[in-house]
*Asks:* 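One structure follows; several queries about it will come next.
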Amino acid sequence: MWNRQQVKEQAKQIMKRNYWKMFVVALIAGILSGDYVTVIQTVQDFVPDVVMPSMFSSILSFLSMGSIVGLLFSIFIGNVIVVGKSRYFIKNHDVNPELGEIFSGFKGNYLNVVKIMFLMNLKILLWIFLFIVPGIIKAYEYSMIPYLLAENPSLSASEAFSLSKQMTTGQKMDLFILDLSFLGWYFLGFLCFGIGALFVQPYDVAAFTEVYLILKESVKKDECVTDF
């Protein structure tokens with residue numbers, strides 16, 4: 001199957017040839033999907049307003065709004081960007097893809113991608129509201145869905161959830177440990193006002209993508225995850 005050292009070493013090899021484009025993709029995806037809102041808000045507490053570009057601050061304010069607008073943005077744009085990021089990193093395993101791959105989720109079956117990603121996040125949220133630990137387990141169970149949609153946005157919801165469950169059966173603890181293995185890097189990054197953590201993200205995502213590519217083969221469902 002796979003081991004942590006294997007996927008992290010492969011991720012390092014990929015970064016050697018294409019790190020800065022990977023960084024830009026992860027940064028754009030993190031901002032537009034809201035992943036970096038907390039980090040950037042922390043940075044804003046330390047950095048004068050003149051240092052933070054006004055447009056960047058406007059995007060941050062928009063994404064961080066606890067409003068219906070922010071929710072709709074996340075559902076119809078942020079989640080789709082996550083799928084596009086996944087597609088970029090999948091293709092980055094073999095080639096040097098264009099930055100535009102991050103917007104690939106808006107092509108093809110866009111509304112299906114929106115629906116399935118919404119269902120994924122809703123299920124995780126409901127599980128976490130009920131029980132924290134089962135919610136985390138379910139998050140790992142569904143973690144392959146953005147990658148599956150990246151390769152085939154026409155998958156039905158039942159297919160996407162079923163395939164992700166198959167791929168992560170017996171793998172959740174290993175995936176959790178893989179995430180834990182990056183905590184040291186993130187901690188060092190946060191010491192630099194949080195900015196340093198942004199530079200760890202490509203490494204983290206690349207390693208997780210390598211796991212996806214390995215697990216995809218293990219379920220023998222290639223006909224459901226072919227490129228589009």
*Asks:* Does the ring centre of Trp20 sit less than 6.0 Å away from the ring centre of Phe23?
*Replies:*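 Distance test on ring centres: under 6.0 Å, yes.
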*Asks:* Is it the case that the side chain of Gln6 and the backbone of Asn3 share a donor-acceptor pair, with hydrogens and angles ignored and the cut-off at 3.5 Å?
*Replies:*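 Side chain of Gln6 to backbone of Asn3: a pair is present.
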*Asks:* Can you tell if the side chain of Phe161 reaches within under 4.5 Å of the side chain of Leu119, non-hydrogen atoms only?
*Replies:*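 In short, these two side chains touch, coming nearer than 4.5 Å.
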*Asks:* Would a distance-only check, ignoring hydrogens and angles, find a side-chain to backbone donor-acceptor pair under 3.5 Å from Thr209 to Phe89?
*Replies:*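 No; zero donor-acceptor contacts below 3.5 Å.
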*Asks:* Do the side chains of Ile177 and Met173 get nearer than 4.5 Å, heavy atoms only?
*Replies:*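 SC-SC contact between Met173 and Ile177 confirmed.
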*Asks:* Can we say Glu101 and Arg87 salt-bridge, meaning some charged N sits less than 4.0 Å from an Asp/Glu carboxylate O?
*Replies:*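 Looking at Arg87 together with Glu101, the answer is yes, because their closest N to O distance falls below 4.0 Å.
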*Asks:* Check for me, please, whether Phe129 and Ile136 land in the same ILVMFWY cluster - side-chain distances under 4.5 Å, paths through other members count.
*Replies:*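 No; Ile136 is not reachable from Phe129 via cluster members.
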*Asks:* Side chains of Ser164 and Tyr147, heavy atoms from C-beta outward: is any pair under 4.5 Å?
*Replies:*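 They are not in side-chain contact.
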*Asks:* Checking Ser156 side chain against Glu159 main chain: does a donor-acceptor pair fall under 3.5 Å?
*Replies:*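 Yes; at least one donor-acceptor contact below 3.5 Å.
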*Asks:* Do Phe208 and Leu175 have side chains that get closer than 4.5 Å, going by heavy atoms?
*Replies:*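 A side-chain contact exists here, since the closest heavy-atom pair is under 4.5 Å.
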*Asks:* Between Gln201 (side chain only) and Leu198 (backbone N and O only), is there a donor and an acceptor less than 3.5 Å apart?
*Replies:*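 Not a single qualifying donor-acceptor pair exists.
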*Asks:* Is it the case that the side chain of Asn121 and the backbone of Met117 share a donor-acceptor pair, with hydrogens and angles ignored and the cut-off at 3.5 Å?
*Replies:*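 Between the backbone of Met117 and the side chain of Asn121 there is a qualifying donor-acceptor contact (under 3.5 Å).
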*Asks:* Is the number of heavy atoms from other residues, nucleotides or ligands within 6.0 Å of OH (Tyr110) greater than 12?
*Replies:*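 Yes, enclosed.
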*Asks:* Should we count CZ of Phe118 as having more than 12 external heavy atoms under 6.0 Å?
*Replies:*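 Check fails, neighbour count at 12 or below.
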*Asks:* With a 4.5 Å limit on heavy-atom distance, are the side chains of Leu215 and Gln166 in contact?
*Replies:*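 The answer is no, as the side chains (C-beta and beyond) never meet within the 4.5 Å cut-off.
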*Asks:* Run the side chain to side chain contact (heavy atoms under 4.5 Å, CB included) check on Lys8 and Gln5 step by step: do they pass?
*Replies:* CA-CA 5 Å; Lys8 293 179 78 170; Gln5 292 75 20; over 6 Å; no
*Asks:* Kindly determine whether Val25 and Asn92 satisfy side chain to side chain contact (heavy atoms under 4.5 Å, CB included), including the steps that lead there.
*Replies:* CA-CA 11 Å; Val25 168; Asn92 192 55; over 6 Å; no
*Asks:* When you measure from the side chain of Tyr212 to the backbone of Pro146, do you find a donor-acceptor pair of N or O atoms at a distance under 3.5 Å?
*Replies:*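 The answer is no, because no donor-acceptor pair under 3.5 Å joins these two groups.
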*Asks:* Could you walk me through whether Gln10 and His93 satisfy the side chain to side chain contact (heavy atoms under 4.5 Å, CB included) test, starting with their C-alpha distance in whole Å, then the side-chain angles of each, then the deciding distance to 0.1 Å, before giving a yes or no?
*Replies:* CA-CA 9 Å; Gln10 181 63 32; His93 173 78; 4.1 Å; yes
*Asks:* Is there a path of hydrophobic side-chain contacts, each under 4.5 Å between heavy atoms of I, L, V, M, F, W or Y residues, that connects Phe131 with Phe176?
*Replies:*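 In one cluster with Phe131: Phe176, no.
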*Asks:* Taking the side chain as everything from C-beta on, heavy atoms only, tell me whether Leu99 gets closer than 4.5 Å to Lys21.
*Replies:*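 Counting from C-beta outward, Leu99 and Lys21 do come under 4.5 Å.
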*Asks:* Quick one: does any side-chain atom of Asn18 pair with a main-chain N or O of Asn96 as donor and acceptor, under 3.5 Å?
*Replies:*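 No.
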*Asks:* Should we count CH2 of Trp2 as having more than 12 external heavy atoms under 6.0 Å?
*Replies:*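 Enclosed: over 12 neighbouring heavy atoms sit under 6.0 Å from CH2 of Trp2.
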*Asks:* Check whether any side-chain heavy atom of Asn79 sits under 4.5 Å from a side-chain heavy atom of Val83, and report yes or no.
*Replies:*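 Side chain of Asn79 against side chain of Val83, heavy atoms only: no contact under 4.5 Å found.
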*Asks:* Given 3.5 Å as the limit, does a donor-acceptor pair link the side chain of Ser104 with the main chain of Gly100, or not?
*Replies:*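 Flag not set: sc Ser104 to bb Gly100 has no pair under 3.5 Å.
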*Asks:* Is any side-chain N of the basic residue among Glu151 and Lys216 closer than 4.0 Å to the acidic one's carboxylate O?
*Replies:*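 Yes, this pair counts.
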*Asks:* Is there side-chain contact between Phe106 and Ile81, with at least one heavy-atom pair below 4.5 Å?
*Replies:*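 Touching, per the 4.5 Å side-chain cut-off.
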*Asks:* Determine whether Met120 and Ile124 satisfy the following criterion, side chain to side chain contact (heavy atoms under 4.5 Å, CB included), listing intermediate values before the conclusion.
*Replies:* CA-CA 6 Å; Met120 180 192 77; Ile124 292 173; 4.1 Å; yes
*Asks:* Under a 3.5 Å distance rule, please check whether Thr169 uses its side chain to pair with a backbone N or O of Lys165 as donor and acceptor.
*Replies:*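 Yes, Thr169 side chain to Lys165 backbone: donor-acceptor pair under 3.5 Å.
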*Asks:* Does the Lys NZ or Arg CZ of Lys85 fall within the cation-pi geometry relative to Phe103 - under 6.0 Å from the ring centre and within 45° of the axis?
*Replies:*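 Judged by the rule, Lys85 and Phe103 form no cation-pi pair.
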*Asks:* At their closest point, which heavy atom of Ala207 faces which heavy atom of Ala11, and how far apart are they?
*Replies:*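 Closest approach of Ala207 to Ala11: N-CB, 3.6 Å.
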*Asks:* Can you tell me if Tyr19 uses its side chain to pair, donor with acceptor, with the backbone of Phe199 under 3.5 Å?
*Replies:*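 Yes, Tyr19 side chain to Phe199 backbone: donor-acceptor pair under 3.5 Å.
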